[in-house]
Amino acid sequence: MKAGPPPFSSCQGGILVIKCNSNNIRAGRSAQREVYTLKYDFASLEPKWQKRWEEARVYAAQNGGEKPKFYGLVEFPYPSGQGLHVGHPRPYTAMDIITRKKRMDGCNVLFPMGFDAFGLPTENYAIKHHIHPAKVTRDNIANFTSQLKMLGFGIDWERVIDTTDPNYYKWTQWIFLQLYKHGLAYKATMPVNWCTSCKCVLANEEVVDGVCERCGSPVIRKEKSQWMLKITQYAQRLIDDLDEVDFVERVKTQQRNWIGRSTGAEVTFRATTGEEIVVFTTRPDTLFGATYMVLSPEHSLVRGWLEQGKIANGGQVEAYQQAAASKSDLERTELNKEKTGVRLEGVAGVNPVTGKEIPIFISDYVLSTYGTGAIMAVPAHDERDWEFAKKFGCDIVEVVSGGEDVQQAPFTAKDDSGVLVNSVFLDGMTVKQAIPAMTQWLEEQGIGKGKVNFKLRDWVFSRQRYWGEPIPMVYCETCGWQPLSEDQLPLVLPDVESYEPTDDGQSPLSKMTDWVATTCPCCGGPARRETDTMPQWAGSSWYFLRYMDPHNQEALASKEALDYWSPVDWYNGGMEHTTLHLLYSRFWHKFLYDLGVVPTKEPYKKRTSHGMILGEGGEKMSKSRGNVVNPNDIIAAYGADTLRLYIMFIGDFEQAAVWSDNAVKGCKRFLDKVWNLAESCQDSLEQSQDNAAALHKCIKKVADDIESMKFNTAIAAMMSLVGDFQKNGCTKGDMKALITLLSPFAPHIAEELWEMLGFYGALGFVCQQPWPEYDESKTVASQITMAVQVGGKLRSNIVVPADADNDAIVAAALADPKVQKFTDGMALVKSIVVPGRLVNLIVKPQ
RNA sequence: ACGGGUAUGAUGAAAUUGGUAAACAUGCUGGAUUUAGGUUCCAGUGCCGUGAGGCUUGUGGGUUCGAGUCCCACUACCCGUACCA
């Protein structure tokens, strides 16, 4: 470090006050930070303990043993060029505290870290600066690693993984091959989301508000041949098994909504030209009210009718199809106010129950990708159909009574408030009764059947990019797509001249003719390799398994390791991954479970989520806003312990929090106070009487708060305790307990003080001590203060013996002069005593 | 539009089953120490009022001896989904 921290002398045993100006520290933002004073020499003691921990391998996890296992996981970072920003340490510190506490509770802890290093930013950087992405990745990982180490996390660094390492992605490819062999990976040509700027397809989950999640460019629909993964086959299980896991509720609801299960029926209509038109509906009960049909513009029947010249207004229909196809997703969502469509002239549908001819429209409000791409429209009982019918003058026929006039507004209630009318054999039934009745009838008649539909689509799994896992597939003219044999893995990403994607949507790999040309694993004839690569989400879909046995060459992890560590006991990560990574990895894990590779149905027992750290203006931190806080600056100015403490003290862990440079100081002051107390405490190993109640309450509070992730109040409790120690004085015994409580939060200073007080030599590291014992009997005081209310208003406080009975408490309250002011001349009607808290006297005039 | 969440001092926020609202921290004010700044320590700091006291948890109602917490209605902001038939 060129302009690193100012020189220090050792401050063992004495208060050393060193002035240093932040200008000395580092250029940039820290130059604005105020002048501060150092109480203790964090800059040398933090690396000292980091080194000792590493040498003693205190955080290395054992695969097996007597202790109960605990696997704590955080989402591994994408090693970007900007390095760690202050948002990263929030979840990491939280899980570090949790796992440190578990270790002190006697668990064998696995707390690993790795890098999700494939991805576009690295590739783009490589293109711009003409450096190989592998080199960029290596440098970034080195930078991230040093930053993470500076924060003093109790990570098992012997298990680090990197998704771009062929030894790792060999197994990502292996899983893909298994998916292929089990029919869950397939190639299909279909309209996909195409990012115009990344020149790359996107999964549905990666399209946000009609634009690319990463770069914000418009996304258009494009027909492309893509590898797809059949996540839909697991849709039901992905919903069902949510009941078995301990995820925060909003994650569960978001996943359920995303998967979007709905039950209904498929009904077969017939066109006047003879073809069958199958529609999906959740309201088979309203079939008698179906007065027209709508097909999606892309529907194959429409294409057929056009080709056969059956549609009188074919020109109009084709124009509408073209307009719909050229709209981007963004335009579609923006223009969703007013319904558009074209009626097909010359072709009509027939309602299978009424036998009536009904018009057919095409409209982009019917999606080709959901259900059958065709609907029966019941304008009387569906908002969209009603709106469309009004605009195009379709009949509105009431089949459920109970609402307003259906000519004025649709009646959509699905409960018992509606009763069927105009529906022959359904008349008189409630909607709830009519749905199953109709479904059954349709099945008997052979014109329909019960059906469950999901919003979830299959996962588009190929990307036209360089920096990703090669897909281990080969195309042969005679044999079609063939998987590479497993002994060929890893299929290593070749070096290319240029990483630029081509405008026609080909991966840069396609230009590597030597690499592309290969032989067919099946017939030995000439064949070519797949040149698309896997999406970023591939490597992260199973990484938590690799941590269990990261160096295994024979399998993604040994059976023993998987059996021992599975499942992840506690996984913390961002809400933004709920419908992406979290869903994808649950899918892969279920597949691996079906193969017998992993022992549990679900990968994660418990899932929690952290809030974002926002810049000082309350805005998201970003390079363009210039409000990014680099943890290195804070560490240089205050030390890692202060940063860890502040980031946990900042507010509710699940809520977004605004960074404040100023408030960091409070945490530094707190550590200074702890340091001072350690230097000035009485030389007795006994815990002092005066502090006993406060200390034992604090032991319990901190333990409970860690479990429920209320780190802010845990720290507040320790701050209060320090206040008590300052007031009452404290002993070495008191400090011993406090330092132990503090160690998961501020591990470096805790170790240093532990050594300073002479415990290190005899007992070893503080992080390996058992959690202090909590003695409830010490928390009860002999005298308690109770509030006195008169008529619900606070009037006074009284001090009574802890074991006083209600009568004695009321008598004491009535005897209080401040209370008497309000009870004089009044009669006591009632008194309520809340044990240990308050007494409320209800009085009325005499 | 629907689903979920949030709303408390100047600021970040606390508050078991309904039980002393504002813990803890920042900021600010005054004082002590200091050549001075910073640090440290002490006191104060929701609002109105000299005071006794009154008022106060987005707004309006309700239940209760007692409501930030429960119920009803409303408003604002945030997140998610986006015509899913």
Side-chain angles (χ1 to χ4, degrees), chain A residues 15 17-21 34-39 208-210 249-250 253-254 256-258 260-262 264 279-283 286 294 329 332-333 335-337 339 363-367 369-378 382-385 387-388 453-457 575-576 578-579 611-612 646 649-652 654-670 672-673 676 704 710 712-720 722-723 726 785-797 821 829-843:
Chain A
I15 302 174
V17 179
I18 292 176
K19 298 168 197 170
C20 57
N21 192 297
E34 285 178 43
V35 173
Y36 57 88
T37 302
L38 293 169
K39 201 77 193 177
V208 176
D209 290 334
E249 208 48 45
R250 50 191 181 133
T253 21
Q254 238 179 77
R256 283 195 195 102
N257 291 344
W258 186 263
R261 182 196 145 100
S262 63
V279 302
F280 173 70
T281 177
T282 55
R283 294 290 303 273
T286 62
V294 188
D329 279 19
R332 280 203 184 197
T333 50
L335 297 171
N336 73 11
K337 307 276 179 275
K339 302 242 178 307
S363 172
D364 64 3
Y365 89 88
V366 172
L367 309 173
T369 45
Y370 183 76
T372 61
I375 63 160
M376 64 178 211
V378 186
D382 182 278
E383 302 237 3
R384 293 153 305 178
D385 296 346
E387 208 183 299
F388 190 87
N453 253 324
F454 296 94
K455 280 201 265 186
L456 187 71
R457 312 284 157 76
M575 274 313 282
E576 69 276 19
T578 302
T579 54
M612 251 194 306
Y646 173 64
F649 186 61
I650 193 165
D652 186 333
E654 294 202 354
Q655 228 67 39
V658 178
W659 177 267
S660 161
D661 258 6
N662 236 335
V664 182
K665 283 190 283 196
C667 292
K668 180 59 172 52
R669 284 181 192 146
F670 165 65
D672 286 342
K673 285 178 196 170
N676 288 344
D704 291 350
K710 288 159 78 178
N712 50 340
T713 49
I715 293 166
M718 289 188 278
M719 286 173 167
S720 285
V722 162
Q726 283 182 319
T785 304
M786 290 181 75
V788 183
Q789 294 180 337
V790 180
K793 295 203 177 203
L794 180 68
R795 296 304 178 188
S796 184
N797 285 295
K821 246 171 96 174
V829 179
K830 192 178 173 185
S831 62
I832 295 128
V833 177
V834 183
R837 292 210 171 246
L838 60 74
V839 50
N840 190 6
L841 306 171
I842 314 304
V843 293

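What you are looking at is a predicted structure, and each value in this text was computed from that prediction instead of being measured. Heavy atoms only: backbone and side chains are in, while hydrogens, waters and symmetry mates are out. Chain identifiers are assigned alphabetically (A, B, ...) following the order of the sequence lines, protein sequences preceding nucleic acid strands; residue numbering begins at 1 within each chain.
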- Message: With syn defined as a glycosidic angle within 90° of 0 and anti as the rest, where does G62(B) land?
- Response: anti
- Message: Please report the distance separating the P of A10(B) from the corresponding atom of G62(B), rounded so that it comes out in whole Å.
- Response: 28 Å
- Note on the structure: Of the candidates G53(B), C41(B), G4(B), the side chain of Arg250(A) sits closest to G4(B)
- Query: Phosphate oxygens OP1/OP2 of G53(B): is one of them under 4.0 Å from a side-chain N or O of Lys821(A)?
  - Reply: yes
- Task: Please answer whether the main-chain N or O of Ser660(A) pairs with a side-chain N or O of Tyr646(A) as donor and acceptor at a distance below 3.5 Å.
- Result: yes
- Query: Taking the same atom, C1', in U26(B) and in C78(B), what whole-Å distance lies between them?
  - Reply: 24 Å
- Message: I'd like the C1' distance from U69(B) over to U20(B), given in whole Å.
- Response: 15 Å
- State which of U81(B), A23(B), G19(B) makes the closest approach to the side chain of Val834(A). G19(B)
- Item | side-chain N/O Lys455(A) vs A85(B) OP1/OP2, d < 4.0 Å | no
- Query: Which nucleotide in the set G80(B), U81(B), C55(B) lies at the smallest distance from any side-chain heavy atom of Gln254(A)?
  - Reply: G80(B)
- Does G80(B) have OP1 or OP2 sitting under 4.0 Å from an N or O in the side chain of Thr578(A)? no
- Query: In whole angstrom, what separates Asn797(A)'s CG from G19(B)'s P?
  - Reply: 17 Å
- Closest to the Lys673(A) side chain, choosing from U81(B), A25(B), G4(B): A25(B)
- Query: For Gln726(A), does the CD atom have more than 12 heavy-atom neighbours from other residues, nucleotides or ligands under 6.0 Å away?
  - Reply: yes
Check nucleotides 12-16 of chain B for protein N or O atoms closer than 3.5 Å to its own N or O atoms and list the pairs.
| unit_1 | atom_1 | unit_2 | atom_2 | d |
| --- | --- | --- | --- | --- |
| G12(B) | O2' | Ile650(A) | O | 2.6 |
| A14(B) | OP1 | Asn712(A) | ND2 | 3.0 |
| A15(B) | OP1 | Lys710(A) | NZ | 3.3 |

- Quantified in whole Å, what is the P atom distance between nucleotide G58(B) and nucleotide A7(B)? 8 Å
- Query: For RNA chain B, which consecutive runs of 3 or more Watson-Crick or G-U pairs (each distance under 3.5 Å) count as stems?
  - Reply: B:1-7 with B:75-81, B:10-12 with B:24-26, B:27-32 with B:40-45, B:46-48 with B:53-55, B:58-62 with B:70-74
- Task: Respond yes when some side-chain nitrogen or oxygen of Arg669(A) is under 4.0 Å from OP1 or OP2 of A25(B), and no when none is.
- Result: no
- Message: If I take atom CE in residue Met786(A) and atom C1' in nucleotide U20(B), what distance separates them, rounded to the nearest angstrom?
- Response: 11 Å
- Expressed as a whole number of Å, how far does the P atom of G46(B) sit from that of G51(B)? 13 Å
- Under a 4.5 Å cut-off applied to non-hydrogen side-chain atoms, are Met575(A) and Thr578(A) in contact? yes
Every protein N/O within reach of nucleotides 60-69 of chain B N/O, cut-off under 3.5 Å:
| unit_1 | atom_1 | unit_2 | atom_2 | d |
| --- | --- | --- | --- | --- |
| C65(B) | O2 | Asn840(A) | ND2 | 2.5 |

- Message: Say we look at C28(B) and A21(B): how far apart would their P atoms be, to the nearest angstrom?
- Response: 30 Å
- Query: Where the side chain of Asn257(A) is concerned, which of G3(B), A25(B), U81(B) is the nearest nucleotide?
  - Reply: G3(B)
- Task: Report which part of the nucleic acid Arg457(A) touches: base, sugar-phosphate, or nothing (heavy-atom distance under 4.0 Å, all strands).
- Result: base
- Rounded distance in Å - CG (Leu794(A)) to P (U56(B)): 15 Å
